[in-house]
Undergrad: 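One structure follows; several queries about it will come next.
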Amino acid sequence: MSGLFHCGQEGNTMADRYIPQEIEPKWQARWEADALYKTGPADSRPKYYILDFYPYPSGEGMSVGHARNYVPTDVIARYYRMKGYNVLHPMGFDAFGLPTENAAIKLKVNPHILNERYSANYVRQYKLMGLSYDWSRLINSAHADYYRWTQWIFLQMFQSWYDPRLNRAAPIADLERELSEQGAQAIFDYIDAHAEHVGVVAKGTPVVSAAQWHAMSRREQNAYLMNFRLAFRAESTVNWDPVDKVVVADEEVEGGRAWRSGALVEKKIIRQWFFRITAYAERLANDLDTVDWPEKIVKMQRNWIGKSEGAEVDFEISDFGLPIAGQSQIANPKSKIRVFTTRPDTLWGATFMVLSPEHPLVVELTTDDRRAEVEAYVAQARAKTDEERTTAEKEKTGVFTGAYAINPVNGRRIPIWIADYVLMGYGTGAIMAVPAHDERDFAFALKYGLPIIPVIARPDGVAKSVVLPGSVDEHFRAELEQAGVEFYTAPLDEAGEGLCVTLRGDAQIDQYVELLRRHLKPGYWHEVVGARWLFVFDDGVEELDSVEADGRILARCAALRPAASNARTVMEMLTRQPFYQDVLFHAEYGMMMHSGPFSGTSGDTARQQVTAWLAQHGMGKRRVNYRIRDWLISRQRYWGTPIPILHTPDGEEALDPSELPLRLPEVENYEPTATGESPLANIPEFVNTPRGRRETDTMATWACSSWYYLRFSDPHNDQAPFGQKEVSYWLPVDMYVGGAEHAVLHLLYARMWTKVLYDLGHVPFIEPFKALRNQGMILSPQKKVDEKGREYFEKMSKSKGNVITPDEVVAEYGADALRGYEMFISDFSQTVPWNTQGVPGVRRWLERVWRIVLAPEEDKGMPVTYSGRELRRVAHQTILKFEKDIGDFSFNTIVAALMEFTNALYKARDAGLAGSPEWNEAIDILLKLIAPVAPHMAEELWARCGRPYSIHQQPWPVADAQAATEEEITIVVQVNGKLRDRITVPANADEETVKQAALQTNGARKSMNGKQPRQVIYVPGRLVSIVV
RNA sequence: GCCGAAGUGGCGGAACUGGCAGACGCGCACGACUCAAAAUCGUGUUCCCUAAAGGAGUGUGGGUUCGAUUCCCACCUUCGGCACCA
């Protein structure tokens, strides 16, 4: 039980009003003077590292929306400190980047100065809210003592490659040794056999032998190594933001627009710096299993990485124009077309090929008579932006090249087309088109009259057939009915009503075909489509199982029915019958058919079987493809970390770590250049060195934020980015909190850097953030109505003039009230509008706390009955509730529980309990529970109660399970599922007693109406359910 | 189109593992105090019914169960993400 309390005695009167404007600055100054929240070095206590996404300090400062995560993490930090943990709760600034640079240009103020100004303002706002960061660990990524180490890590990556055999990063020197001793063959062979390592080396890198390696110049060797380095420079098509005049990474493009500027991005081919994140694709995907993150973020990262498994298949190019039956007449291995497919089981249905317009073989393949059209198409595709190419219209376009390839599994000649729905950046830039089982290919084939041959059975076994009026004799219908076949009649053409038949399963289809054959009238045919593809003519049944059959069937149908003669394929003809619409196409796995020796192979194993067979016959091999591309890191701007590289006659050369930091030079003008070069390029003193020309691009800020969480463990180290001891003690981050908008940007990049540093022996863990939580957004409180009359709330933004700042809220209601409302506003992850009535509500609660602690005898209410036992129970239940809810990130219910606790104290006061031992204990508990939420008020009340400074260094109260237990419980009595009465019984009452008591209640007797209970169910501690 | 999340009073929201729907707060109404107001204290506040009794009720429609906000099926709406990825 607690010690002596002197609060609530004569010394305090109503004159002592709660004035946060006085007590908050007072305690903030004291805490700062005492360095109360300074985190010491590693010690024997358990550690807890709680981290907010470090912010970009903008000139606008923070809004109440930004505080949505800072307050809860502060509550957690304070809670863990009181629980006896060694807590690391730091803050820093992601200070480099375009907004500050753009502001610098506009205001004509040096960005260094703006950075200091903006950061200082953020610190002021944080302190205003009473956040308990350890300010001695403040980081600013634009300071040279920080970016020096960003450069150092860049060099680590530049000097490394990914050795697929070790499955980790290794020194580039190891690769050089291997190349010089035995060449690259072993590496490429290994990658071929281990498909998940495709990202280790740049696409199209030639395999060199040791002899070839030695024959290269140093410059050529360096260029070759670039294909392996984890930080590398390469020419590629990149996203160019014409407004900010920089390239941006794939991850920074949303719907064809640049993430920050909102400009439509253009394609440009430029030499740029990248990190080889694709080498880590497999691990980045797999290790997601080990983190406690929101499912949504995990899914988004998996989608972004986009792993898909399948096969690579080589298609030989047919001799131009020559008819080939069954066998290939070309042996030139250079003119193979390699495709990637996730559905090797559909290979027999590949009736044409499509190359991306950018595919290198297009020029070579195109025949003279097709050249003009092909070139026009390629030019037009080039001119389109990604935006136009993907979203303008979904209508597919393409042209025939005049060339043919050989489908390796059946030797058939198939036409090669080019179309912009095939992307050069994914897979091999070429596909085999299986129109019967791929939606895009289906649409394309229908448009251009290419044959569509089904090769996978419908798993549901459904087939359809239309019987035209007059096409069968008069007995057909009766027999169909007798056979139990499902059909209905419908007006089909001018001749009257026909039958629409739906068949299920092979047996029924065979029976149906038999019926047709007996009753078919001359001059007609019938088809069965869907599960099977049969055409019943008067002299036999044809199956749509090949391109030849397609032509044959079409010719016969056209002969019988001239209306069919303008269709180019059987499938095109069938699409005209609306009844067939849903059975003509499917993309599911199912039994293979029309596939030579593989016909009849079950859908579960088809893919694996065909892949193995292809490998055996040297036609293809298993392959893994990732959607993710390498991470573009360089920016043509001033305000970023300089890239520590020199361009020498021998190629790119790294600075020595001892030459770091490579400082950003002072410049007069930050304006980006018209040529797309960084402003640094205009500073000869910076660019020109005796050894070579400096790289003038800077790193995107994603580099800075990819390791700052490590630096916090040892922020002032000038020998290394962090000490081994410190990083091993503090990391990984136990709880990381921020917005969901960084799902695939920062969070993916930081994970990659951690893995690289792990591989190189700098950190002992593979994932940086054990647990992650996303806060919801806070919207403006003003309700708006859109043009459709729907109500909505808009985001807070300076341009809309609807920003509410913590400054104004603190000035009016105090920091503690703001903190309480930030927690109370809603579920933590929910997006919610700010409510201007909310803060005064919380403030009212704080005042109730203030009064009940300091002056419980004033303003009493009506006398009530309430026992000290009940007060103890509530107090201890509230401790348990707080601890459970904080683990669940349920901050709103913590505040609700504290309010209930406060209400209980008022009741206890009215029952005359003030000053009793139970009362004093309850006040002690209340103040400690409030300390993380309203730290200033808790400290003030603690002091006024004569307790020793500081409440924030008190141990967290321990819940007494006994005290928290209920002795009596209310049992609900239900009759036929409806609530009819309640009874109060001792918590330990046995089942029979409770049941009998329930049956005796007025409510139960009344609604049972004299009937005997058929069943009585007792749920211990909850209810009795009577069934009559 | 695909993936994910969410639909509960006038409002923000709560509800353990299937067991009293609406905790807590806002707003509103009434009462006490006051010359009066504010503040404060108290009472009430899902809807229908004058009230009681009773009935309905957690996006819609079905299902499982003694019992469903919770589980299953289908659908609708909103928000977020991805989007020709072979």
Side-chain angles (χ1 to χ4, degrees), chain A residues 14 254-255 294-300 302-304 306-308 310 339-343 346 354 389-391 394 396 419-423 425-434 437-441 443-444 587 625-628 740-741 743-744 774 776-777 783 790 792 820-821 824-827 829-842 844-845 847-848 851 858-862 864 884 890 892-900 902-903 906 910 970-979 981-982 1006 1013-1017 1019-1028:
Chain A
M14 282 300 276
E254 290 174 351
E295 196 50 37
K296 176 180 143 180
I297 303 289
V298 170
K299 275 264 162 56
M300 281 167 73
R302 285 235 159 82
N303 288 346
W304 188 261
K307 178 179 183 176
S308 51
V339 303
F340 173 71
T341 176
T342 53
R343 293 296 302 272
T346 64
V354 187
R389 208 160 136 170
T390 54
T391 59
K394 292 267 175 174
K396 304 212 174 342
D420 65 6
Y421 79 90
V422 175
L423 312 172
Y426 185 80
T428 62
I431 60 158
M432 61 175 208
V434 183
H437 306 291
D438 180 283
E439 210 175 344
R440 294 151 301 175
D441 299 344
F444 192 80
N625 241 299
Y626 300 92
R627 207 188 71 118
I628 189 172
E741 69 273 16
V744 290
N774 300 123
M777 237 186 321
K783 195 177 270 182
R790 281 183 307 205
Y792 70 101
Y821 185 59
F824 192 58
I825 184 166
S826 173
D827 180 82
S829 60
Q830 219 71 49
T831 292
V832 65
W834 187 256
N835 179 356
T836 49
Q837 297 294 331
V839 184
V842 173
R844 214 142 38 215
W845 164 59
E847 286 181 353
R848 279 167 64 78
R851 284 195 307 270
E858 286 186 34
D859 257 339
K860 275 180 148 178
M862 304 294 269
V864 292
K884 185 187 173 303
S890 183
N892 52 343
T893 53
I894 288 177
V895 175
L898 292 173
M899 286 172 167
E900 285 185 80
T902 310
N903 293 345
Y906 271 74
D910 289 347
T970 302
I971 298 286
V972 168
V973 182
Q974 286 185 357
V975 178
N976 284 344
K978 285 203 193 318
L979 173 71
D981 217 324
R982 292 186 173 87
K1006 207 161 105 192
R1014 215 179 54 191
Q1015 200 187 351
V1016 181
I1017 298 160
V1019 182
R1022 298 260 179 218
L1023 56 70
V1024 174
S1025 183
I1026 302 165
V1027 190
V1028 296

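Just so we're on the same page: letters track the sequence lines, and every chain starts at 1.
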Undergrad: Just name whichever nucleotide pairs with B/G1, Watson-Crick or G-U, keeping both distances under 3.5 Å, else none.
TA: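 B/G1 is paired with B/C82.
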
Undergrad: Would you kindly check whether a donor in the side chain of A/Arg440 faces an acceptor in the base of B/C85, or vice versa, at under 3.5 angstrom?
TA: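 For A/Arg440, whose side chain was compared with the base of B/C85, there is no donor-acceptor pair (under 3.5 Å).
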
Undergrad: For A/Val972, report the nucleic acid contact type (base, sugar-phosphate, nothing); a contact means any heavy atom under 4.0 Å.
TA: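 Base contact.
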
Undergrad: Which one is paired to B/U60, where only Watson-Crick or G-U wobble pairs with both distances under 3.5 angstrom count?
TA: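 Check on B/U60: paired to B/A74, both distances under 3.5 Å.
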
Undergrad: If the C1' atom of B/A52 is compared with that of B/A32, how far apart are they to the nearest Å?
TA: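 It comes out at 28 Å once rounded to the nearest Å.
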
Undergrad: Could you check whether A/Glu295 gets within reach of a base, just the sugar-phosphate, or nothing at all, counting any heavy atom under 4.0 Å?
TA: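 Result for A/Glu295 = nothing.
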
Undergrad: For B/G19, give its Watson-Crick or G-U wobble partner with both distances under 3.5 Å, or none.
TA: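 Looking at the geometry, B/G19 pairs with B/C66.
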
Undergrad: Is any side-chain heavy atom of A/Thr346 closer than 4.5 Å to one of A/Met432?
TA: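 In contact.
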
Undergrad: Once you round it to whole Å, what is the distance between C1' of B/G81 and CH2 of A/Trp304?
TA: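 Taking CH2 of A/Trp304 and C1' of B/G81, I get 11 Å after rounding.
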
Undergrad: Calculate the interatomic distance between A/Leu979 atom CG and B/A15 atom P; express it in whole Å.
TA: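 From A/Leu979 CG to B/A15 P: 21 Å.
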
Undergrad: When the distance from OH of A/Tyr821 to P of B/C26 is rounded to whole Å, what number comes out?
TA: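 It works out to 11 Å between those atoms.
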
Undergrad: With a 4.0 Å limit, can you tell me whether A/Arg1022 has a side-chain N or O closer than that to the phosphate oxygens OP1/OP2 of B/C16?
TA: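 So the side chain of A/Arg1022 is outside the cut-off, no N or O lying under 4.0 Å from OP1 or OP2 of B/C16.
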
Undergrad: Does B/G9 fall in syn (glycosidic angle within 90° of 0) or anti?
TA: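 Here B/G9 takes the syn form, which means its glycosidic angle is within 90° of 0.
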
Undergrad: In this structure, how many angstroms lie between the P atom of B/C11 and the CG atom of A/Asn835, rounded?
TA: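 Distance, rounded to whole Å: 12 Å.
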
Undergrad: Between A/Ser826 and B/G13, does any side-chain N or O lie under 4.0 Å from OP1 or OP2?
TA: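 Yes, because at least one side-chain N or O of A/Ser826 sits under 4.0 Å from OP1 or OP2 of B/G13.
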
Undergrad: Nearest to the A/Ala896 side chain among B/C85, B/A23, B/G19, which nucleotide is it?
TA: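 Taking heavy atoms from C-beta onward, the closest nucleotide is B/A23.
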
Undergrad: Within a reach of under 6.0 Å around CD of A/Glu439, are more than 12 heavy atoms found that belong to other residues, nucleotides or ligands?
TA: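 Counting neighbours around CD of A/Glu439, 12 or fewer heavy atoms of other residues, nucleotides or ligands fall under 6.0 Å, so no.
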
Undergrad: Under a 3.5 Å limit for both distances, which nucleotide forms a Watson-Crick or G-U wobble pair with B/G27, could you say?
TA: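 B/G27 is paired, partner B/U45.
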
Undergrad: Can you check the A/Asp827 CG to B/A6 P distance for me, whole Å?
TA: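 Spelled out: CG on A/Asp827 to P on B/A6 is 10 Å.
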
Undergrad: Looking for any heavy atom pair under 4.0 Å, which part of the strands does A/Gln974 touch: base, sugar-phosphate only, or nothing?
TA: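 Base contact.
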
Undergrad: Check whether any side-chain nitrogen or oxygen of A/Arg851 sits under 4.0 Å from OP1 or OP2 of B/C41, and answer yes or no.
TA: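 Yes, because at least one side-chain N or O of A/Arg851 sits under 4.0 Å from OP1 or OP2 of B/C41.
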
Undergrad: Between A/Ser890 and A/Thr428, which residue's closest nucleotide on RNA chain B lies nearer the 5′ terminus?
TA: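 Nearest-nucleotide comparison on RNA chain B picks A/Ser890.
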
Undergrad: Counting just side-chain N and O atoms, does A/Asn903 come under 4.0 Å of either OP1 or OP2 of B/G25?
TA: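 Yes, A/Asn903 has a side-chain N/O under 4.0 Å of OP1/OP2 on B/G25.
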
Undergrad: Could you tell me the separation between the CD1 atom of A/Ile628 and the P atom of B/G81, rounded to a whole number of Å?
TA: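 Taking atom P of B/G81 as the reference, CD1 of A/Ile628 is at 19 Å.
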
Undergrad: Have a look at A/Gly427 and say if it touches a base, only the backbone sugar-phosphate, or nothing, with a 4.0 Å heavy-atom cut-off.
TA: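 Answer is nothing: A/Gly427 stays at 4.0 Å or more from every strand.
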
Undergrad: Let me know, please, whether A/Trp845 or A/Ile1026 comes out on the 5' side of the other along RNA chain B by nearest nucleotide.
TA: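 Looking at RNA chain B, the more 5' nearest nucleotide goes with A/Trp845.
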
Undergrad: Assess whether one donor atom and one acceptor atom, taken from the side chain of A/Lys396 and the base of B/C84, lie less than 3.5 Å apart.
TA: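 In this structure, the two groups form a donor-acceptor pair.
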
Undergrad: Under a 3.5 Å cut-off for both contacts, is B/A53 paired Watson-Crick or G-U wobble with anything, and if yes, with which nucleotide?
TA: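 Paired with B/A53, as far as the under-3.5 Å criterion goes, is no nucleotide at all.
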
Undergrad: Need one value for A/Ile825: base, sugar-phosphate or nothing, where a base atom within 4.0 Å counts as base even if backbone is also close, heavy atoms only.
TA: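 Answer is sugar-phosphate: A/Ile825 comes under 4.0 Å of backbone atoms only.
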
Undergrad: Will you find, in the side chains of A/Arg848 and A/Asn903, an N or O donor that is under 3.5 Å from an N or O acceptor?
TA: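 Looking only at side-chain atoms, A/Asn903 and A/Arg848 do form a donor-acceptor pair, the distance falling under 3.5 Å.
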
Undergrad: Would you call the rings of A/Phe340 and A/Tyr426 parallel, tilted or perpendicular, taking 30° and 60° as the class edges?
TA: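 Taking A/Tyr426 first and then A/Phe340, their aromatic rings stand perpendicular (interplane angle over 60°).
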
Undergrad: Ignoring backbone atoms, establish whether A/Arg844 has a side-chain N or O less than 4.0 Å from OP1 or OP2 of B/G27.
TA: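 A/Arg844 to B/G27 OP1/OP2: side-chain N or O found under 4.0 Å.
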
Undergrad: Can you see if the side chain of A/Arg848 gets near the phosphate of B/C41 - specifically, an N or O under 4.0 Å from OP1 or OP2?
TA: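 Checking A/Arg848 against B/C41: at least one side-chain N or O falls below 4.0 Å of OP1 or OP2.
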
Undergrad: So A/Val832, base contact, sugar-phosphate only, or nothing? Heavy-atom distance under 4.0 Å.
TA: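 Answer is sugar-phosphate: A/Val832 comes under 4.0 Å of backbone atoms only.
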
Undergrad: In whole Å, what separates the C1' atom of B/G18 from that of B/C66?
TA: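 Roughly 12 Å separates the two C1' atoms.
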
Undergrad: What integer distance in Å separates A/Lys978:NZ from B/G19:P?
TA: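 Taking atom P of B/G19 as the reference, NZ of A/Lys978 is at 18 Å.
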
Undergrad: Could you state the atom-to-atom distance from CE of A/Met300 to C1' of B/A5 in whole Å?
TA: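 So the two atoms are 12 Å apart, to the nearest Å.
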
Undergrad: Does A/Asn892 put a side-chain nitrogen or oxygen below 4.0 Å from OP1 or OP2 of B/A14?
TA: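 Looking at the OP1 and OP2 atoms of B/A14, one of them is under 4.0 Å from a side-chain N or O of A/Asn892.
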
Undergrad: Please confirm whether the shortest side-chain N or O distance from A/Ser308 to OP1 or OP2 of B/A86 is below 4.0 Å.
TA: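 Yes, because at least one side-chain N or O of A/Ser308 sits under 4.0 Å from OP1 or OP2 of B/A86.
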
Undergrad: Heavy atoms from C-beta onward define the side chain here; which of B/A86, B/A23, B/G12 lies closest to that of A/Leu423?
TA: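 That would be B/A86.
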
